[in-house]
Amino acid sequence: MTGLADESKPVDPQQRQRLIAELRAVLPPESVLDQPEQLRPYECDGLSVYRRLPMLVVLPETPDQVQAVVRICRRHHIPLIARGAGTGLSGGVLPLSQGVLLSLARLKGILEIDSRNAIARVQPGVRNLAISEAVAHLGLYYAPDPSSQIACTIGGNVAENSGGVHCLKYGLTVHNVLGLKVLTIEGERLELGNGAFDLPGYDLLALMNGSEGMLGIVLEVLVKLLPKPERAQVLLAAYDSLELAGEAVARIIAGGIIPAGLEMMDNPAIRAAEDFVHAGYPVEAEAILLCELDGTDEEVSEQVMEVRELLLRSGALEVRTARDEAERARFWAGRKGAFPAVGRISPDYYCMDGTIPRRYLGRVLGRIGELSGEFGLQVANVFHAGDGNLHPLILFDANRPGELATAERFGGRILELCVEVGGTVTGEHGVGVEKLDQMCTQFRAAELAQFHALKAAFDPEALLNPGKAVPSLHRCAELGAMHVSRGQLRHPDLPRF
Ligand SMILES: Cc1cc2nc3c(=O)[nH]c(=O)nc-3n(C[C@H](O)[C@H](O)[C@H](O)COP(=O)(O)OP(=O)(O)OC[C@H]3O[C@@H](n4cnc5c(N)ncnc54)[C@H](O)[C@@H]3O)c2cc1C
């Protein structure tokens with residue numbers, strides 16, 4: 001597990017006690033956790049192969065308390081790791097043994113709903129789905145919908161620039177966040193964006209999206225709300241080859257139609273989901289596509305006919321249109337339940353997340369199949385096909401010696417494959433500790449150096465979530481993935497974190 005090195009500086013017991021006393025002075029008594037059994041629930045996120053107990057966990061309830069925590073930690077030079085719901089899948093909230101884990105889960109107020117301007121102002125611990133639930137009576141909703149939306153927080157969504165089924169048409173988190181209040185490591189509050197169409201200056205609002213808790217703590221989020229479409233309809237198409245299904249995805253988009261969602265599942269995922277959810281999927285198919293169309297009644301009726309035609313012409317064995325709302329919900333339940341469904345057929349699975357240009361879907365899925373043979377581990381594919389965002393689930397058994405390491409190597413190879421065809425090593429789950437090595441493949445030294453310079457501008461002591469998302473230049477050099485001229489590391493003056 002290459003990402004696991006704990007580089008936090010030792011904290012002596014007296015300093016720890018002073019820190020606890022200072023934190024208890026600014027927080028409610030039960031908001032500072034320091035006993036091993038209290039810390040255990042915070043040892044990992046959704047990528048549970050990486051675990052470590054934090055030194056302390058704090059659970060502030062107000063923005064002022066968060067500010068006080070940040071100032072205390074900075075004074076003690078203690079690393080600080082922001083945490084939402086801990087559903088991340090790249091080890092982004094993996095604690096440091098000498099660091100403080102700052103949970104934002106108790107800041108869950110919906111501060112303002114403005115239906116005339118279709119915006120809502122919320123605190124970072126608000127769950128993604130809770131925003132849509134709170135505005136449903138106004139005929140509005142918040143579009144980005146990670147499959148974890150029942151649990152994950154909007155603060156975590158911003159930090160990961162999360163996506164979901166509807167992001168093909170409505171964009172990622174960055175396209176749906178209009179403003180942020182952010183706390184710097186100095187404890188200063190920044191206001192980035194205010195809903196106006198354009199703002200002068202550098203686009204720090206965009207920069208914060210996807211910054212993985214390394215540049216600042218998100219304290220408040222101004223989100224864009226959309227009117228609920230009049231109608232949504234879903235089509236299910238079955239194929240006897242992954243390549244044909246991949247080709248159909250490219251054809252739909254090339255045909256000028258942007259579906260609200262366009263998802264693909266391969267045979268192992270179809271079987272697992274059907275067994276779990278009974279969605280009515282054709283279990284003999286090698287691949288299925290789920291294509292959702294939304295808009296006015298008229299638009300949807302027209303597009304359903306067009307897409308149906310396209311799917312049949314692209315070699316679909318059958319195309320079904322959900323007959324009613326219940327069937328539409330069932331089709332989606334299979335897709336949304338696919339991860340836990342795969343969890344039922346394998347002791348462990350490792351969910352990868354890479355993005356490729358849509359036109360290479362067939363080729364890359366074929367190559368993943370070959371790699372599955374080479375590494376001797378099965379794969380189930382279930383993913384946001386319209387975005388080219390792959391989620392191969394590598395099945396393994398952590399109790400078998402060496403299998404976890406093989407799964408990690410296999411996963412790394414898949415991400416490199418994504419880069420080879422012009423894609424990226426992440427689509428929505430972030431880099432965390434999981435994909436540090438692949439960042440060396442994705443970026444050249446010059447680009448990584450700019451990332452480091454940005455980090456240093458926001459957080460010169462590297463106290464905010466250190467060791468995540470951006471590999472040190474040394475690490476890349478050691479991997480042989482970065483060019484080092486005559487043994488001279490470029491930019492030796494830059495801090496390594
Ligand atoms: C079953 C399942 C399905 C998933 N499906 C999707 C999906 O479809 N799309 C998708 O994008 N993701 C998906 N995820 C991954 C995960 O849910 C998202 O990355 C989500 O945005 C994480 O939110 P969280 O509140 O759990 O954040 P956490 O896991 O707690 O933290 C994630 C990162 O955000 C930082 N962070 C958290 N809060 C703040 C804050 N207030 N200020 C600054 N930094 C902060 C943390 O330091 C960390 O780097 C899925 C996860 C699971 C378990």
Side-chain angles (χ1 to χ4, degrees), residues 41-42 44-48 50 54 57 60 63 66 70 79-96 99-108 122-130 144-168 172-174 180-185 190 208-221 261 263 335-343 349 351 353 355 382-384 387 389 391 393 426-434 458-459 464-470:
Y42 298 92
C44 66
D45 59 13
L47 183 61
S48 56
Y50 300 111
V57 174
V66 178
V70 169
L80 199 55
I81 296 161
R83 179 179 162 115
T87 65
L89 289 173
S90 55
V93 288
L94 182 73
L96 287 169
V100 169
L101 199 75
L102 166 63
S103 168
L104 281 308
R106 289 186 178 169
L107 277 80
K108 50 184 178 199
V122 303
Q123 289 190 312
V126 172
R127 289 175 306 112
N128 172 297
L129 189 59
D145 55 346
S147 302
S148 53
Q149 67 179 156
I150 193 169
C152 65
T153 67
I154 189 73
N157 291 175
V158 169
E160 297 288 10
N161 190 19
S162 285
V165 167
H166 287 104
C167 290
L168 172 61
L172 295 162
T173 302
V174 66
L180 289 177
K181 286 193 183 152
V182 172
L183 199 61
T184 67
I185 187 63
L190 304 181
M208 280 298 153
N209 282 275
S211 60
E212 303 201 22
M214 296 178 65
L215 302 181
I217 310 289
V218 175
L219 274 188
E220 205 175 289
V221 188
E263 302 284 302
R335 163 62 184 92
K336 297 236 169 188
F339 283 22
V342 169
Y349 70 80
C351 173
D353 164 48
T355 304
V382 43
F383 59 96
H384 308 309
D387 300 316
N389 181 200
H391 288 322
L393 306 177
T426 175
E428 51 185 22
H429 296 171
V431 174
V433 291
E434 182 202 18
F458 277 84
D459 179 20
L464 287 171
N465 211 5
K468 310 282 170 60
V470 185

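Heavy-atom basis, side chains included; hydrogens, waters and symmetry copies ignored. Both ligands and their constituent atoms are indexed starting at 1 by order of listing. Numbering starts at 1 and runs along the sequence shown.
Across L96, N465, V100, L101, a single residue satisfies side-chain contact (heavy atoms from CB on, under 4.5 Å) together with P79, and that is L96. The residue from T173, V182, V174 that alone fulfils the side-chain contact (heavy atoms from CB on, under 4.5 Å) condition with V158 is T173.
An N or O contact shorter than 3.5 Å is missing between P146 and ligand 1 by distance. At least one N or O atom of N157 sits closer than 3.5 Å to an N or O atom of ligand 1. For G163, a nitrogen or oxygen atom sits less than 3.5 Å from a nitrogen or oxygen atom of ligand 1, counting backbone and side chain alike. Considering backbone and side-chain atoms alike, E212 places an N or O below 3.5 Å from some N or O of ligand 1. The shortest N or O to N or O distance between G84 and ligand 1 is under 3.5 Å. Looking at G86 next to ligand 1, an N or O pair under 3.5 Å apart turns up. The shortest N/O to N/O separation between R83 and ligand 1 does not fall below 3.5 Å.
Under a 3.5 Å cut-off, the side chain of R127 and the backbone N or O of I150 do form a donor-acceptor pair. D353 places a side-chain N or O within donor-acceptor distance of the main-chain N or O of G427, the cut-off being under 3.5 Å. Put simply, the side chain of E212 gets close to the backbone of G432: a donor and an acceptor are under 3.5 Å apart. Remark: the backbone N or O of N209 is not paired with any side-chain donor or acceptor of N161 at under 3.5 angstrom. With hydrogens and angles ignored, the 3.5 Å screen pairs a side-chain donor or acceptor of T153 with a backbone N or O of G156. D459 places a side-chain N or O within donor-acceptor distance of the main-chain N or O of L464, the cut-off being under 3.5 Å. The main-chain N or O of C152 is never found under 3.5 Å from a side-chain atom of T87 such that the two would form a donor-acceptor pair.
For ligand 1, the atoms lying closer than 4.0 Å to a non-hydrogen atom of L104 are 41 (N). Applying the 4.0 Å criterion to heavy atoms of G92 picks out, from ligand 1, the atoms 48 (C), 49 (O). Set against the non-hydrogen atoms of A159, the atoms of ligand 1 under 4.0 Å away are 34 (O), 35 (C), 36 (N), 44 (N), 45 (C). Under a 4.0 Å criterion applied to the non-hydrogen atoms of N465, ligand 1 contributes the atoms 47 (O), 49 (O). Per-residue contacts place G216 under 4.0 angstrom from the following atoms of ligand 1 (heavy atoms of the residue considered): 43 (C). The distance from ligand 1 to the heavy atoms of E160 drops below 4.0 Å at these ligand atoms: 19 (O), 32 (C), 33 (C). Every atom of ligand 1 is numbered from 1 in the order shown, and the set under 4.0 Å from a heavy atom of G213 is 43 (C), 44 (N). Every atom of ligand 1 is numbered from 1 in the order shown, and the set under 4.0 Å from a heavy atom of E428 is 7 (C), 8 (O), 9 (N), 10 (C), 11 (O).
When S148, A338, G125, G88 are checked for heavy-atom proximity to atom 3 (C) of ligand 1, S148 turns out nearest. Ranked by closest heavy atom to atom 27 (O) of ligand 1, the top entry among G156, G210, G432 is G156. Nearest-residue assignment for atom 48 (C) of ligand 1 (options V93, T87, L219, L172; heavy-atom criterion): V93.
Looking from atom 21 (O) of ligand 1 to the surrounding protein, the closest heavy atom is S162 OG, 2.7 Å. Counting only heavy atoms of the protein, atom 25 (O) of ligand 1 lies nearest to T153 OG1, 2.7 Å. The protein atom (non-hydrogen) at minimum distance from atom 8 (O) of ligand 1 is S147 N, 3.0 Å. For atom 47 (O) of ligand 1, the closest non-hydrogen atom of the protein is A82 O, 2.6 Å. Remark: minimum distance from atom 41 (N) of ligand 1 to any protein heavy atom is reached at V218 O, 3.2 Å. Of the protein's non-hydrogen atoms, the one nearest atom 12 (N) of ligand 1 is H429 CD2, 3.5 Å. Nearest non-hydrogen protein atom to atom 1 (C) of ligand 1 is F339 CD2, 4.2 Å. Shortest contact from atom 24 (P) of ligand 1 to any protein heavy atom: A85 N, 3.5 Å.
Taking a 4.0 Å cut-off on heavy atoms, P124 registers as neighbouring ligand 1.
To the nearest 0.5 Å, the span separating SG on C167 from CG on D145 amounts to 6.0 Å.
Looking at K468 and V431, their side chains never come closer than 4.5 Å, going by heavy atoms from C-beta outward. Put simply, the side chain of V70 reaches to within 4.5 Å of the side chain of I217, judged on heavy atoms. Considering only heavy atoms from C-beta on, I81 stays 4.5 Å or farther from P54 through its side chain. Counting heavy atoms from C-beta outward, H384 and L168 have side chains that stay 4.5 Å or more apart. Looking at L107 and P63, their side chains come closer than 4.5 Å, going by heavy atoms from C-beta outward.
Looking only at atom types and distance, the side chain of E263 has no donor-acceptor partner in the side chain of H391 under 3.5 Å away.
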